[in-house]
J.: 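Next up is a structure, given as structure tokens.
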Amino acid sequence: MSDIEALKKELPPFEIFDLIPQYAQSGVIDPEKIDLLKWAGVYPQRPQEDGYLMMRVKVPTAELHADALRVVAGIAEDFGRGLLDVTDRQAFQFHWLRIGDIPEILDRLDTVGLHTRGACGDTVRAVIASPLAGLDAREVIDVRPIARAMEGTLSGNRDFEDLPRKFKISLTGTPELEGIHLINDIGFLAHRVGDEVGFDVWVGGGLGAVAHLARRLGVFIAPDEVVEVGRAITAAYRDHGYRVNRKKSRLKYLIKDLGPDAFRTLVETQYLGRPLRDGPPAPVARFGGSDVLGVNPQKDGLNYVVLTTTVGRIDPEKARRLADLAERYGQGVVRTTAFQNMMIPHVKSEDVDALVAELQALDLAPKATLRGTTIACTGTQFCRLAQTETKARVAGMIDTLEPLHTDLDVPFVINLTGCSNACTRYQVADLGFMGALRQNKAGGEEEVYNVHLAGSIGQAQRTGTKLRGIVPAERLTEYTDRVLTDFKANKAAGESFVEYADRLGHEHFTPDAVLGARPDRAEAELVPA
């Protein structure tokens, strides 16, 4: 049994909330129980010995009111050195917190209906709800009521506070626009079979160092069954998931060993007590959701405007201004997306140009090219596991490249992570970069990136090819620019990068082929994580 498994048996994880006031008052966290702070969305930032903390905040159904966004901005300003991130799980993340700050932060969040319960830890994480819910005309069903019920039933539930590992759930009512289900433990996709609306169910998605895309259970369930089925699958994982080796404890390993058919039988017989109805697959999103950017029509004649952050970072003043714009031009709400972006819905057509102009002034303008389809993890600035810097490096790369590639006629996804843990899903991007350290001839270390090519949570539904060779950090922008330039110059109209890479062959994009071979590269060795 691992140390964390023993700790979870000693103290039920959600009881950490009862200890936080004590830690805050003394200014000291019990080092034996510090890992349980994750269940409160809190964990140490790098370097841990400095005592600063990171915190994730859930945004149920991906929507919050303008006043809630102002409270989030105020917390970042008052306690987090003005740093605020939007994550790729639709949450907010603070940095530079002290344990003494946590009770007041939790109180402030509670006043606007936000919380951190289960934002991290071996439990049901934030339930991803389509940010298009209730808006897009292509929607099959508004999933927000189901997401609220699931959040209240599964996330933060004491029945599921001790799972083998983290557990992620997503719901979408527009499957032809979103493919996030492929990388979640459970993905529910609404679609129609004849005149009936129901959900296709996928299980066992998860990336990390060893990526597995989700697999279909082969069912078609009614909307009023979704929470029950979600609970049954989660319970089956709790009771049958692996707990000896944390590196092989995610649901994906259980699905790999049992297969989806046997797992379905387990859920039906031991947890539901009835068979589920068979059904066909839902439609597929060609680009996996990354094409939903800019100004889009709503089914009620209004518009939703997806604005692009830069790798998820937004300062408190801009967040407050965004809240003001949501009240002035929308209905006082904003939404977060699974691509580190945000959205203002319910905008009148006659107000769109004025809103876009104000967003441009904040460097948050809707854009349909690289800024909106590039995500980056926390990196060595704060993460204890990361091996490379990420946010600033990618922001600089996008600032350089976006003006050069505004003529892209299809989305191009760039995901960069500072280690193998895939917090920003490098295996399912057109260009996925995984940070590592390389030992050079002088005996020192330098930051480099492995390239994973032409992965997709869209139509291709596959992880990318890991290419031979590495890209030195200082040549990351150059490499990306050359790939983009080659793609634009030689692609067919409307051809995706996945289709283009398959047509040319993936060897065409190896770092040596793109940048030119360097004699020292073969002699260098990557430093293990």
J.: Should the ring pair F487 and Y500 be called parallel, tilted or perpendicular, given that the plane angle runs from 0 to 90° and is split at 30 and 60?
T.: tilted

J.: Is there a side-chain contact between L109 and V57, using heavy atoms and a 4.5 Å cut-off?
T.: yes

J.: Between L404 and D407, which heavy-atom pair has the shortest distance, and what is it?
T.: O-OD1, 4.1 Å

J.: What residues form a side chain to side chain contact (heavy atoms under 4.5 Å, CB included) with R56, not counting sequence neighbours?
T.: Y43, Q93, A119, C120, R125

J.: Suppose we screen for side chain to side chain contact (heavy atoms under 4.5 Å, CB included). Which residues come up paired with V71, at least two apart in sequence or across chains?
T.: I75, R108, V112

J.: Run the numbers on T465 and H506 for side-chain hydrogen bond (donor to acceptor under 3.5 Å, both in side chains), then give the verdict.
T.: CA-CA 8 Å; T465 300; H506 293 191; 2.8 Å; yes

J.: Under 3.5 Å, is there a donor-acceptor pair linking the side chains of T510 and E507?
T.: no

J.: Do the side chain of Q298 and the main chain of H346 share a donor and acceptor less than 3.5 angstrom apart?
T.: yes

J.: Might you point out which heavy atoms bring P345 and R335 nearest each other, and give the distance in Å?
T.: CG-NE, 4.3 Å

J.: Are the side chain of E447 and the backbone of E389 linked by a donor-acceptor contact shorter than 3.5 Å?
T.: yes

J.: Kindly indicate whether the side chain of Y329, heavy atoms from C-beta on, has any atom under 4.5 Å from the side chain of K348.
T.: no

J.: Please find the pair of heavy atoms, one from A190 and one from I141, that lie closest to each other, and give the distance.
T.: CB-CG2, 3.4 Å

J.: With no hydrogens and no angle check, just 3.5 Å: does a side-chain donor-acceptor pair link H452 and N415?
T.: no

J.: Between P60 and L114, which heavy-atom pair has the shortest distance, and what is it?
T.: CD-CD2, 4.2 Å

J.: Look at the side chain of T424 and the backbone N and O of A376, then say whether any donor-acceptor pair between them is shorter than 3.5 Å.
T.: no

J.: Does NZ or CZ of R81 lie under 6.0 Å from the centre of the six-membered ring of Y52, at an angle within 45° of the ring axis?
T.: yes

J.: Would V428 and S456 satisfy side chain to side chain contact (heavy atoms under 4.5 Å, CB included), going step by step from the backbone distance to the final call?
T.: CA-CA 4 Å; V428 288; S456 171; 5.9 Å; no

J.: Under the salt bridge (charged side-chain N to carboxylate O under 4.0 Å, His left out) rule, what do D512 and R468 come out as? Steps first, then yes or no, please.
T.: CA-CA 8 Å; D512 283 354; R468 291 181 297 104; 5.5 Å; no

J.: If we count only N and O atoms by modelled type, under 3.5 Å, do the side chains of S130 and E178 hold a donor and an acceptor together?
T.: yes

J.: Any chance the side chains of T369 and E402 put a donor and an acceptor closer than 3.5 Å?
T.: yes

J.: Would the F94 and F382 ring centres measure less than 6.0 Å apart?
T.: no

J.: Has H405 got more than 12 heavy atoms of other residues, nucleotides or ligands less than 6.0 Å from its NE2?
T.: yes

J.: Closer than 3.5 angstrom, by distance alone: can the side chain of E478 be matched with the main-chain N or O of R475 as a donor-acceptor pair?
T.: no

J.: Identify which one of R165, K252, R250, K168 satisfies the salt bridge (Lys or Arg N to Asp or Glu O under 4.0 Å) criterion when paired with D185.
T.: R250

J.: Would you say D200's side chain and L189's backbone share a donor-acceptor pair under 3.5 angstrom?
T.: no

J.: Apply the test side chain to side chain contact (heavy atoms under 4.5 Å, CB included) to residues N296 and L135: give CA-CA distance (whole Å), side-chain angles for both, the deciding distance (0.1 Å), then the verdict.
T.: CA-CA 9 Å; N296 299 271; L135 302 176; over 6 Å; no

J.: Please report the C-alpha distance between F92 and V59 in whole Å, then the side-chain angles of each, then the deciding distance to 0.1 Å, and finally whether the side chain to side chain contact (heavy atoms under 4.5 Å, CB included) criterion is met.
T.: CA-CA 8 Å; F92 289 108; V59 182; 3.7 Å; yes

J.: Is there a donor-acceptor contact under 3.5 Å from the side chain of D430 to the main chain of V413?
T.: yes

J.: Show the numbers, then the answer: is there a side chain to side chain contact (heavy atoms under 4.5 Å, CB included) between I128 and L171?
T.: CA-CA 6 Å; I128 292 287; L171 299 101; over 6 Å; no

J.: Going by atom types only, do R438 and Y449 share a side-chain donor-acceptor pair under 3.5 Å?
T.: no

J.: What about the rings of F188 and W202, do their centers lie closer together than 6.0 Å?
T.: no

J.: State, to 0.1 Å, how close Q340 and V311 come at their nearest heavy-atom pair, and which atoms those are.
T.: OE1-C, 3.3 Å

J.: Would you mind writing out the side-chain donor-acceptor pairs for residues 313-322 within the sub-3.5 Å range, not counting sequence neighbours?
T.:
unit_1 : atom_1 : unit_2 : atom_2 : d
R313   : NE     : D85    : OD1    : 2.7
R313   : NH1    : Q381   : OE1    : 3.0
R313   : NH2    : D85    : OD1    : 3.4
R313   : NH2    : D85    : OD2    : 3.0
D315   : OD1    : E317   : N      : 3.1
D315   : OD1    : K318   : N      : 2.9
K318   : NZ     : L362   : O      : 2.9
R320   : NH1    : E77    : OE1    : 3.4
R320   : NH2    : E77    : OE1    : 3.1
R320   : NH2    : E77    : OE2    : 2.9

J.: So, the side chain of Q387 versus the backbone of G418: is there a donor-acceptor pair under 3.5 Å, distance only?
T.: no

J.: Would you check if V471 and V514 make a side-chain contact, meaning some heavy-atom pair closer than 4.5 Å?
T.: no

J.: Donor-acceptor check, side chain of N490 to backbone of D486, threshold 3.5 angstrom: yes or no?
T.: yes

J.: Does the pair E499 and K491 meet the rule for a salt bridge (charged side-chain N to carboxylate O under 4.0 Å, His left out), with working shown?
T.: CA-CA 9 Å; E499 294 163 340; K491 68 186 292 294; over 6 Å; no

J.: Do the non-hydrogen side-chain atoms of L307 and M343 ever get within less than 4.5 Å of each other?
T.: no

J.: State, with a plain yes or no, whether a side-chain heavy atom of N421 is found less than 4.5 Å away from one of L385.
T.: yes

J.: Check whether Q427 reaches the backbone of G208 with its side chain - one donor and one acceptor, N or O, closer than 3.5 Å.
T.: yes

J.: Please report the closest heavy-atom contact between T61 and A147, naming both atoms and the distance.
T.: CG2-CB, 4.0 Å

J.: Between the main-chain N or O of A365 and the side-chain N or O of R371, is there a donor-acceptor pair closer than 3.5 Å?
T.: no

J.: Please tell me if the side chains of T172 and V143 come closer than 4.5 Å, counting only heavy atoms from C-beta onward.
T.: no

J.: So, are E176 and R286 salt-bridged, with charged N and O less than 4.0 Å apart?
T.: no

J.: Could you check whether any side-chain heavy atom of Q90 comes within less than 4.5 Å of a side-chain heavy atom of P131, counting everything from C-beta outward?
T.: yes

J.: Please determine if R216 forms a cation-pi arrangement with F199, meaning its NZ or CZ atom is less than 6.0 Å from the six-membered ring centre and no more than 45° off the ring axis.
T.: no

J.: Look at R117 together with D110 and state whether they make a salt bridge at an N to O cut-off of under 4.0 Å.
T.: no

J.: Without hydrogens or angle criteria, can the side chains of N184 and R89 be said to hold a donor-acceptor pair below 3.5 Å?
T.: yes

J.: Do the non-hydrogen side-chain atoms of L416 and Y426 ever get within less than 4.5 Å of each other?
T.: no

J.: State whether a side-chain donor-acceptor pair under 3.5 Å links H115 with E151.
T.: yes

J.: Are side-chain N/O atoms of Q48 and R384 paired as donor and acceptor at under 3.5 Å?
T.: yes

